[in-house]
Amino acid sequence: MIEARALVKRFGSVTAVDGVTLCAPDARITGLLGPNGAGKSTTLRMLYTVLAPDGGEAWIDGASVVREPIEARRRMGVLPHGAGLYPNLTARENILYFASLHGLPRGEARARARQLIGQLEMEEFADRAAKGFSQGQRLKTALARALIHRPRNVLLDEPTNGLDVMAVRTLRRLLRQLREQGHCILLSSHVMQEVTALCDAVIVIAHGRVIAMGAPDELRARAGAESLEEAFVRLIGLEGPESLS
Amino acid sequence: MNAIWRVFRKEFRENLRDRRSLIASLVIGPLLMPGLLAAALSIAIHHGGRESRHPVRLAVAHSRRAPNLLAFLRQFEVRLEPVKTSRAAARHWVRSRHEPLLYVPRDFGARLAAGRPASLRLYADESDRASQEVVGRVGRVIGLYGGAVARLRLMARGLDPLLLTPIVVHPIDISTPQSRSVLALGMLSYVILLTMLMGGLYVAIDATAGERERGSLEPLLTVPVEREQLVYGKMLAASAMMLLSLTLTVTAFALTLTHVGLDRLGMSVKFDAGVVATIVLYSLPLIPLGAALMTLVASFTRSYREAQTYVPLVLLIPTLPLMFASILGLRPSPALMAVPFLGQHFLIMSVLRGQPLPAVYAALSVGVSLLPGVALVWLAGRLYRREGLLG
């Protein structure tokens, strides 16, 4: 479970995140939805301890990201935006490197890597250097790398950006599997359809603040709108839907 | 501690797989530079005695007009090559052949016989070094010939020919192969230390600016490892590459210089495995300093390209004193030993010359190199805690 209370982050005079409070429960896929620059990535980066908050607190399964960041990192797997690989290592070596940094014993790491490579259908390119990987192959490798230590909580920043249909499908299937196994999944997206198709709960963020949260249907009802897209537009007070995708 | 080792292993392995980096750090520096320097030394050793002895070639137009002069020139190892060209075409001939031409005018013999100044025309492109040498030689020999003629004329008139030489200067060349190679030999320590630094350059940049540019830094920062340990591992990998590069360079020098002839260089010791090990050992304290310096500078740059520009530039600063040391002929002193890199230069030279420096000097050099090294390593660790690192 991921909880945040009144998170604040400033870059100079700009307040990127302005008191975000949220909760992403286990066995649920929670979506952070908002236009570009709304503060989704900054919120996630504080949650996965790469940025330190200027105010507020957050916990990953009870471990504070501020006071015990190492413990918090143990409990989550992270797919940052545009996650890069090491071009001279193979996909498998990229995954095993992270396994070793997570302190997994070698035998266990190898077995787990083999399992993930099968699950994500990566056999074909698993032992090739990552230099010439396609977008989809890169994403799969980065995902396997994020999941190698069987984290209870999974954070993904714009995971479907730039992916083709097949890769998006694989990703969705995997995330649903993780949900069924009881994992807590928190992902950010600025694409409406993405969130509707995948998430059990939606947290709408704009201008660094949480504007609304709830199941897609609840949000629709609350905004009195036909579709989630319309609800979203009304909630964040945008002029038109074209700024969403 | 384990994490440092894991990061090190991965960075080192990845670097070994990168052909561009391998060529840069293990081929160009350690193998090419010693070869070049050995060639330069070889030239310095053999060049000195060569000039006066080896024959020069000189093209002569109308050689029949000055048979005695030309016979005299031949005695001084000037090989004459009669050519046919008119005075008008002489300039063109020299320009197209790139060699000097001596033109003997029609009235040369007549004026000489009459005791009036007889002129010769020596055409040459003086911007060409080889031509300069020929012109100098030929000019001196003709001057000698003129002097002899003048003395004969005085004697014929009953005067003492010594009147013509009020002053005599005897230049005595005492240069030895050893002194001629001093400058080139001073370059040796410079090349060794710079190549050592260059060996770690690629890893240092790749592990910081490169990692950020590829977008693999952010995922790396989400593993349950202190950030300092990550950067320590990276610096350790750079250090290992530096050590590899250093050992290779010194070994390559041992092989090439032994081939050139060590005694002529003023090295009284055999450049054997023991000497190689000693030089490596003396240079070792600089490795943390170099690795941390490169990592720090590369961490401050915004991109890989920028790092490639700035890091080598920064490396010039600590190695610059070495250039001056050999040009100015600096001698080791406690104050100079306390300058990192300069101290190592003196230590390396002392090993090669077989003239050991006081142990205090060595200890001083090791201390002043290790101390800032440790401080910079610590600083690089602190820097990795900054958020600005993500760029």
Side-chain angles (χ1 to χ4, degrees), chain A residues 9 11 41-42 44-54 60 63 65 68-90 93-104 106 109 129-131 138 141-143 145-146 148-149 151 154-155 157, chain B residues 1-25 202-203 205-234 237 241 303-304 382 384-391:
Chain A
K9 184 70 193 178
F11 298 111
S41 285
T42 307
L44 281 178
R45 281 171 135 190
M46 284 189 280
L47 292 176
Y48 59 72
T49 73
V50 166
L51 294 182
D54 293 319
I60 312 293
V65 299
E68 33 185 356
I70 299 278
E71 193 47 46
R73 282 180 220 159
R74 261 189 245 290
R75 299 172 187 201
M76 61 183 152
V78 182
L79 185 80
H81 184 63
L85 306 174
Y86 297 106
N88 288 313
L89 299 185
T90 66
E93 285 166 342
N94 265 289
I95 299 166
L96 288 175
Y97 177 46
F98 271 57
S100 79
L101 289 175
H102 273 285
L104 256 64
R106 186 181 293 239
K131 218 168 281 176
R138 281 224 294 276
T141 311
L143 253 179
R145 181 173 73 178
I148 186 73
H149 56 296
V154 182
L155 290 83
D157 194 3
Chain B
M1 205 58 212
N2 270 337
I4 297 178
W5 175 247
R6 284 172 196 135
V7 173
F8 158 75
R9 240 186 17 202
K10 175 256 159 193
E11 296 289 355
F12 190 68
R13 182 165 65 166
E14 203 188 1
N15 192 62
L16 286 185
R17 282 192 195 164
D18 195 306
R19 199 183 313 152
R20 196 161 50 119
S21 128
L22 273 192
I23 290 174
S25 52
Y202 197 88
V203 198
I205 294 180
D206 195 61
T208 50
E211 173 117 65
R212 188 174 50 220
E213 199 161 293
R214 280 195 306 267
S216 57
L217 179 61
E218 199 158 327
L220 184 66
L221 295 181
T222 66
V223 297
V225 171
E226 295 288 352
R227 288 188 183 184
E228 285 100 327
Q229 301 208 347
L230 297 175
V231 73
Y232 292 160
K234 289 167 185 293
M241 286 306 293
S303 68
Y304 198 96
R382 296 290 303 174
Y384 246 64
R385 288 200 159 261
R386 287 190 334 145
E387 284 176 0
L389 186 73
L390 285 172

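Both backbone and side-chain heavy atoms feed into the values below; hydrogens, waters and symmetry mates do not. Chain A is the first sequence line, chain B the second, and so forth, proteins listed ahead of strands; every chain is numbered from 1.
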Legend entry - Neighbour count >12 (heavy atoms, 6.0 Å) for atom CZ, A/Arg106: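 Count not over threshold, so no.
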Legend entry - Atom CZ of B/Arg17 with >12 non-hydrogen neighbours under 6.0 angstrom: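 Yes - once you tally the heavy atoms of other residues, nucleotides and ligands closer than 6.0 Å, there are more than 12.
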Legend entry - Heavy-atom check, side chain of B/Pro224 versus side chain of A/Glu71, under 4.5 Å: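 Of all side-chain heavy-atom pairs linking A/Glu71 with B/Pro224, none is under 4.5 Å.
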Inset, instruction - Could you give me the CA-CA distance, side-chain angles and deciding distance for B/Thr222 and A/Met76, then say whether side chain to side chain contact (heavy atoms under 4.5 Å, CB included) is met? - result: CA-CA 9 Å; B/Thr222 66; A/Met76 61 183 152; over 6 Å; no
Straight-line distance of [X] [atom1] to [Y] [atom2], nearest 0.5 Å:
{"X": "B/Leu220", "Y": "A/Leu101", "atom1": "CG", "atom2": "CG", "value": "6.5 Å"}
{"X": "A/Leu79", "Y": "B/Glu218", "atom1": "CG", "atom2": "CD", "value": "10.5 Å"}
{"X": "B/Leu221", "Y": "A/Leu51", "atom1": "CG", "atom2": "CG", "value": "10.0 Å"}
{"X": "A/Tyr97", "Y": "B/Ser216", "atom1": "OH", "atom2": "OG", "value": "9.0 Å"}
{"X": "B/Arg227", "Y": "A/Thr49", "atom1": "CZ", "atom2": "OG1", "value": "7.0 Å"}

Inset, instruction - Check whether any side-chain N or O of B/Arg214 sits under 3.5 Å from a backbone N or O of A/Gly84 as a donor-acceptor pair, and report yes or no. - result: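 Looks like no, no N/O pair under 3.5 Å.
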Under 4.5 Å from any heavy atom of chain B - which part of [X]:
{"X": "A/Ala146", "result": "neither"}
{"X": "A/Pro69", "result": "neither"}
{"X": "A/Arg75", "result": "neither"}

Inset, instruction - Select one option (side chain, backbone, both, neither) describing which atoms of B/Glu211 are under 4.5 Å from chain A's heavy atoms. - result: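 Side chain of B/Glu211 only, per the 4.5 Å heavy-atom cut-off to chain A.
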Inset, instruction - Output the option from B/Val7, B/Val223, B/Val225, B/Leu217 having the highest count of non-hydrogen pairs under 4.5 Å with chain A. - result: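 Winner by heavy-atom pair count: B/Val223.
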Inset, instruction - State whether B/Lys10 and A/Glu93 are salt-bridged, where the test is any N-O pair (Lys NZ or Arg NE/NH1/NH2 against Asp/Glu carboxylate O) under 4.0 Å. - result: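 Salt bridge flag = no for A/Glu93 with B/Lys10.
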